[in-house]
Enquirer: 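I have a structure I would like to understand better, so I am pasting it below and will then ask my questions one at a time.
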Amino acid sequence: QVQLVESGGGAVQAGGSLRLSCAASGYTASSASMGWFRQAPGREREGVAVISTGGGSTYYADSVKGRFTISRDNTPNTLYLQMNSLKPEDTAMYYCAAKTNPYSWSGWLSPSSFIYWGQGTQVTVSS
């Protein structure tokens, strides 16, 4: 059974940093692309950053380029998101996702492209 568990969220002031982690189990993480998505109240879930199976390729939303960095450690199966220079508009529930679905592929940063999801971790940035 695939399980993704996020941690590291919290409340910070604008300009601060947080590091999110996602522990994956139930499958071989190195065999799947993984990503971070976020959803703010009243808004659709959106892609933040995705990393390919081998970690050779990364994809970022324009809004976080230069501020966020996605990385992975396949031993153990953990995904990270380093978030720097946080802004109030980064406030959202952040979700970890894994394994792309070729039958619902809509691009690397599209939520519908991923099969497995964690429960989320809240990030709140105050001005």
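Just so it is clear, the structure is predicted and the values come from calculations on it, not from any experiment. For reference, positions follow the sequence shown, starting with 1.
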Enquirer: Side-chain contact test, heavy atoms from C-beta onward, threshold under 4.5 Å: evaluate it for Leu81 versus Thr69 and give yes or no.
Expert: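 Leu81 does not reach Thr69 side chain to side chain.
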
Enquirer: Search all heavy atoms of Tyr116 against all heavy atoms of Leu4 and return the closest pair with its distance.
Expert: O-CD1, 3.5 Å

Enquirer: Is the side chain of Tyr60 donor-acceptor paired with the backbone N or O of Ile70 at a distance under 3.5 Å, no angle test?
Expert: yes

Enquirer: Taking all heavy atoms of Ser126 and all of Pro88, pick out the closest pair and write down the distance.
Expert: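 Looking at all heavy atoms of both residues, the closest pair is C-CG, 4.4 Å.
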
Enquirer: Cluster question for you: counting only ILVMFWY and a side-chain heavy-atom cut-off of under 4.5 Å, with indirect links fine, are Leu109 and Leu79 together?
Expert: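 Different clusters.
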
Enquirer: Are Ile115 and Val2 connected into the same hydrophobic cluster when the rule is that any two of I, L, V, M, F, W, Y join if their side-chain heavy atoms are below 4.5 Å apart?
Expert: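 Val2 clusters together with Ile115.
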
Enquirer: Report yes if the side chains of Met83 and Tyr94 come closer than 4.5 Å at any heavy-atom pair, otherwise no.
Expert: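 Met83 reaches Tyr94 side chain to side chain.
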
Enquirer: Do Ser33 and Lys99 pass the side-chain contact (heavy atoms from CB on, under 4.5 Å) test, and can you show the C-alpha distance, the side-chain angles, and the key distance before you say yes or no?
Expert: CA-CA 5 Å; Ser33 296; Lys99 196 169 181 68; over 6 Å; no

Enquirer: Taking C-beta and beyond as the side chain, do Trp36 and Cys96 meet within less than 4.5 Å on heavy atoms?
Expert: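 Of all side-chain heavy-atom pairs linking Cys96 with Trp36, at least one is under 4.5 Å.
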
Enquirer: Could you grab the distance from atom CZ of Arg67 to atom CD of Gln82, nearest 0.5 Å is fine?
Expert: 12.0 Å

Enquirer: Enter the distance from Gln13:CD to Ser127:OG here, rounded to the nearest 0.5 Å.
Expert: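 The distance works out to 9.0 Å.
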
Enquirer: Taking the side chain as every heavy atom from C-beta outward, state whether Arg38 and Glu46 have any atom pair closer than 4.5 Å.
Expert: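 A side-chain contact under 4.5 Å exists here.
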
Enquirer: Could you check whether atom CD of Glu89 has more than 12 heavy atoms from other residues, nucleotides or ligands sitting under 6.0 Å from it?
Expert: yes

Enquirer: For Tyr80, which of Asp73, Leu20, Ile51 qualifies under side-chain contact (heavy atoms from CB on, under 4.5 Å)?
Expert: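 Answer to the side-chain contact (heavy atoms from CB on, under 4.5 Å) test with Tyr80 among Asp73, Leu20, Ile51: Asp73.
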
Enquirer: Using modelled atom types and a 3.5 Å cut-off, is there a donor and acceptor pairing between side-chain atoms of Thr91 and backbone atoms of Val125?
Expert: yes

Enquirer: Does Val48 reach the side chain of Phe68, with side-chain heavy atoms less than 4.5 Å apart?
Expert: yes

Enquirer: To the closest 0.5 Å, what do you measure between SG (Cys22) and CD (Gln3)?
Expert: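 Reported value, rounded in 0.5 Å steps: 10.0 Å.
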
Enquirer: Can you find a pair of side-chain heavy atoms, one from Val5 and one from Gln119, that are under 4.5 Å apart?
Expert: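 SC-SC contact between Val5 and Gln119 ruled out.
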
Enquirer: Charged N to carboxylate O below 4.0 Å: is that the case for Asp62 and Lys65?
Expert: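 Answer for the salt bridge query: yes.
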
Enquirer: Please confirm whether the backbone N or O of Thr121 pairs with a side-chain atom of Glu6, one donor and one acceptor, at under 3.5 Å?
Expert: no

Enquirer: Rounded at 0.5 Å granularity, tell me how far CH2 in Trp108 sits from OG1 in Thr58.
Expert: 11.0 Å

Enquirer: Any side-chain to backbone donor/acceptor pair from Arg72 onto Thr53? Under 3.5 Å, distance only.
Expert: yes

Enquirer: Drop me the distance from Tyr95's OH to Phe37's CZ, to the nearest 0.5 angstrom.
Expert: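 Answer rounded to 0.5 Å: 12.5 Å.
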
Enquirer: Could you tell me whether a side-chain N or O of Ser113 sits under 3.5 Å from a main-chain N or O of Ser106, the two making a donor and an acceptor?
Expert: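 Yes.
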
Enquirer: Tell me the closest heavy-atom pair linking Ser57 and Tyr59, and the distance in Å.
Expert: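 Here Ser57 and Tyr59 meet closest at CB-OH, 3.6 Å.
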
Enquirer: Which pair of heavy atoms, one from Val12 and one from Ser17, lies closest together, and at what distance?
Expert: CG1-O, 4.0 Å

Enquirer: Indicate the atoms forming the closest heavy-atom contact of Leu18 with Val123, along with that distance.
Expert: CD1-CG1, 3.9 Å

